[in-house]
Amino acid sequence: MAAPSFSVTTPIFYVNDAPHIGHAYTEVAADVLARWNRQCGVDTWSLTGTDEHGQKILRTAVANDVTPKEWADKLVADAWIPLLQTIDIANDDFIRTTEERHESVVQAFLQKLYDDDYIYFGEYEGYYCVGCEEYKQTDDLAQGAGEFEGQYVCPIHGRPVEVLKEANYFFRMSAFGDRLLELYETQPDFIQPDSLRNEIVSFVRRGLDDLSISRQSFDWGVRVPWDDKHVFYVWFDALINYISALGWRADEPGELFQKFWPSNHIVGKDIARFHAVIWPAMLMAAGLPTPRRVFGHGWLLVGGEKMSKSKLTGIAPEQITDVFGSDAFRYYFLRAISFGQDGSFSWEDLAARYQAELANGFGNLASRVVAMVGRYCDGRLPAASDVTDADARIHSVVESAVERATAAMDRFAIHEAIAAIWTVVDELNGYLTEQEPWKVAKDESQTARLHTILATAAEGLRALSVLLAPVMPKSTALLWTALGADAAIGPLAEQRIDQVATWGQLPEGAEVSALPPLFPRIEVDQLG
RNA sequence: GGGGCGGUAGCUCAGCUGGUUAGAGCAGUGGACUCAUAAUCCAUCGGUCACGGGUUCAAGUCCCGUCCGCCCUACCA
């Protein structure tokens, strides 16, 4: 049997404008899943990247008086790569659709479909919205007013649509309806969450049309290999990134592809259909395995409305990380929002959770334990001796948290996993208050008891560091070092989640060093 | 037009196949404690479960209707 492996992708982001917290949310979720699996000892691979073709980018570039490639290069360098730094993403690869390694795979993939008669030449006429990059049915359109009087306008972009008549290549997607339904049936978690699955299933049940997959009205795209007057439609080009990055070839699948395909796709629910219908149909046509899972997360609501780039309600991730840090960003969005559902964002809620959960809960817990080991044990980790029910209870809470968090992460229920882990924070704070080590320390006959309490608390922090490392890599690393764990048992990133509940890993005498506040209080006037 | 989702404490949300006095976190209030980032711990206040009917011994939980918010999707023209 092959070694367990896990691969996860984000959508590749359209480089037409700057990243907002919705993009960052997707990135963080995928990153946490990747880091978690990696620390479970699973061979893991995570992918993100940028989507750089299409008419919209061409037009934006022209408007800015640069070539589309120059425009894309600039945004990738100035905005999208830095985003990954801002929110601390540890991706294994970053693919750009303008890279040769991608374009050649797109051509090979579609050539194969063409050779096997899944692609044919046809004609299409319809209303086309440049903003959406897609054809619209008339009922999807609004009547224009004012300067656009008498024209159809796209309700999303508020701009008139264009009538296009194109002779294009079409993909025979209509042939795959039954096989897609069978896929949804036999693999119920192929599309998650269930609400989204239901939508997709009923969409496919109504029957699928063939898809126009090429354009000849402009040339910013991957050239159709058998007809150089055409370029591929941007979505067809883009979806293939998931296997081009793995080095797939028509004749030679390649090592990465063999090992990591099929991947798990994390996407916003608005593009779930591309990933759960079109993409698997393309893969079926090519005779390749369909994705492991397509998970559509919800939208971030700001003031009750979907945050969107076209409505300019976007918040830049740095606005948050500059004040609260990347760990808090990662924690907040994954903890406060049920993964898969829409979630409200507000500065008030962010600040409140930062204060209550990170500063007062986890951060302060770390401070008090480390400070007591310093004060009462000269900074040397003490050993536990006679274990009371209270001590044993800490251990069992950790065991239960690991079990529940692992089960939740397997379902991509990230918020549930974090909630399960957080029971350890709450339990430890209560344990310390009840055991009153500061009182025990005043009685010299109770030194053994004092040591047991502090050793138990430190073990709890060790477990928390490991369990929370995927979510908050920076602060847990600080805590890990302060506990002396780095020197005693090795780097945090190498600690296994499936072994974290084994008690007593921190050795007696480990050097516990001072710890600055992990989540310093934020003054109100620092808020954006 | 059809289908789906949501409307539960000030805020954000749990409440599975109907079953004792509807829950959590935060915020508020009172108390305990001092190791810690004026942190922690305990207690407590707070809801006609959108509205109106119905089924049932029993409904937030099922059925019908209405209102509000959102999503998917058709047709006539």
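Here is the naming used below: chain letters follow the sequence lines, and residue numbers restart at 1 for every chain.
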**Q** Return the nucleotide paired to B:A58: Watson-Crick means purine N1 to pyrimidine N3 with N6-O4 or O6-N4, wobble means G-U with N1-O2 and O6-N3, both under 3.5 Å.
**A**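 Looking at the geometry, B:A58 pairs with no nucleotide.
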**Q** Pairing check on B:G25: which nucleotide meets the Watson-Crick or G-U wobble criteria with it, both distances under 3.5 Å?
**A**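 Answer to the pairing question: B:C11, which forms a Watson-Crick or G-U pair with B:G25.
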**Q** Any side-chain donor-acceptor pair under 3.5 Å between A:Y332 and A:E357?
**A**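 Distance-only check fails for A:Y332 and A:E357.
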**Q** Within less than 4.0 Å of OP1 or OP2 of B:C13, is there a side-chain N or O belonging to A:S344?
**A**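 For B:C13, OP1/OP2 do have a side-chain N/O of A:S344 under 4.0 Å.
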**Q** Using a cut-off of strictly less than 4.0 Å, decide whether A:R353 has a side-chain nitrogen or oxygen near OP1 or OP2 of B:C26.
**A**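 Checking B:C26 against A:R353, no side-chain N or O comes under 4.0 Å of OP1 or OP2.
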**Q** For the residue pair A:W347 and A:F345, does the interplanar ring angle fall in the parallel (under 30°), tilted (30 to 60°) or perpendicular (over 60°) class?
**A**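 Rings of A:W347 and A:F345: perpendicular, over 60°.
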**Q** Distance between the P atoms of B:G7 and B:C16, in whole angstroms?
**A**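 My reading of the P atoms in B:G7 and B:C16 gives 11 Å.
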**Q** Would you measure the distance from the C1' atom in B:C63 across to the matching atom in B:G18 and give it in whole Å?
**A**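 It works out to 13 Å between them.
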**Q** Look at the side chain of A:N364 and the base of B:A39, then say whether one donor and one acceptor between them are separated by less than 3.5 Å.
**A**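 Such a pair does not exist between side chain and base.
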**Q** In whole Å, I'd like the distance from the CG atom of A:D342 to the P atom of B:G4.
**A**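 Nearest whole value for this atom pair: 19 Å.
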**Q** What interatomic distance, in whole Å, is found between P of B:G1 and the corresponding atom of B:A9?
**A**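 Comparing P positions in B:A9 and B:G1 gives a spacing of 30 Å.
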**Q** Give me the distance, rounded to whole Å, that separates B:G54 from B:C42 when you measure between the P atoms they each carry.
**A**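 45 Å, rounded to whole Å.
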**Q** Grab the CG-P distance between A:L350 and B:G25 for me, whole Å please.
**A**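 Value for this atom pair: 21 Å.
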**Q** Using the C1' atom on both, measure B:G19 against B:C33 and round to a whole Å.
**A**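 Looking at atom C1' only, B:G19 and B:C33 are 42 Å apart.
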**Q** Quick one: which of B:C35, B:C33, B:U37 gets closest to the side chain of A:M372?
**A**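 Side chain of A:M372 sits closest to B:C35.
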**Q** Taking the six-membered ring for Trp, are A:Y118 and A:F176 parallel (under 30°), tilted (30 to 60°) or perpendicular (over 60°)?
**A**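 It falls in the tilted class, 30° to 60°.
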**Q** Between B:A14, B:U40, B:C35, which nucleotide gets closest to the side-chain atoms of A:A371?
**A**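 Closest nucleotide to the A:A371 side chain: B:C35.
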**Q** A:G363 near the nucleic acid: base, sugar-phosphate alone, or nothing, with a heavy-atom cut-off under 4.0 Å?
**A**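 Touches a base.
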**Q** Which base sits across from B:A50 as a Watson-Crick or G-U pair, both distances under 3.5 Å?
**A**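 Pairing partner, where one exists within any strand: B:U66.
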**Q** Categorize A:L432 for me: base, sugar-phosphate, or nothing, with a 4.0 angstrom heavy-atom threshold over every strand shown.
**A**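 No contact at all - A:L432 keeps every heavy atom at 4.0 Å or more from the nucleic acid.
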**Q** Reading RNA chain B from 5' onward, which residue's closest nucleotide shows up sooner: A:R375 or A:N198?
**A**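 Counting from the 5' end, the first nearest nucleotide belongs to A:N198.
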**Q** Which nucleotide, if any, forms a Watson-Crick or G-U wobble pair with B:C41, using both distances under 3.5 Å?
**A**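 Its partner is B:G31.
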**Q** Tell me which nucleotide, if any, is Watson-Crick or G-U wobble paired with B:C75 when both distances must be under 3.5 Å.
**A**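 B:C75 is paired with nothing.
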**Q** Any side-chain N or O of A:Q341 below 4.0 angstrom from OP1/OP2 of B:C70?
**A**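 No, no such contact exists.
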**Q** For the residue pair A:T9 and A:S263, confirm or rule out a side-chain donor-acceptor distance under 3.5 Å.
**A**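 Looking only at side-chain atoms, A:S263 and A:T9 do not form any donor-acceptor pair under 3.5 Å.
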**Q** Sticking with atom P, work out how far B:G23 lies from B:U44, rounded to a whole angstrom.
**A**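 Result for the P pair: 12 Å, nearest Å.
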**Q** Ring-plane angle category for A:F333 and A:Y25, please: parallel below 30°, perpendicular beyond 60°, tilted otherwise.
**A**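 Answer is tilted, since the angle falls between 30° and 60°.
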**Q** Return the nearest nucleotide to the side chain of A:T433; candidates are B:C72, B:C41, B:C13.
**A**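 Selected nucleotide: B:C41.
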**Q** How many Å lie between CD on A:E199 and P on B:G4, as a whole number?
**A**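 Whole-Å distance recorded here is 12 Å.
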**Q** On the 0 to 90° scale, with breaks at 30° and 60°, tag the A:H265-A:W279 ring pair as parallel, tilted or perpendicular.
**A**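 Because their plane-to-plane angle lies in the 30° to 60° range, the rings of A:H265 and A:W279 count as tilted.
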**Q** Rounded to whole angstrom, note down the P distance from B:U8 over to B:G69.
**A**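 About 15 Å, rounded to a whole number of Å.
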**Q** Does the side chain of A:R449 pick up a donor-acceptor pair with the side chain of A:Q435 at under 3.5 Å?
**A**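 Yes, because at least one side-chain N or O of A:R449 sits under 3.5 Å from a partner of the opposite role on A:Q435.
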**Q** In whole Å, measure the gap between the C1' atoms of B:G2 and B:G28 for me.
**A**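 Each nucleotide's C1' atom is 47 Å from the other's.
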**Q** B:A39, B:C33, B:G25: which one has an atom nearest the side-chain heavy atoms of A:N360?
**A**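 For A:N360, the side-chain atoms sit closest to B:A39.
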**Q** Assign each of A:W299 and A:D426 to its nearest nucleotide of RNA chain B by heavy atoms, then name whichever residue's nucleotide is nearer the 5' end.
**A**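 With A:W299 and A:D426 compared, the 5'-side residue is A:D426.
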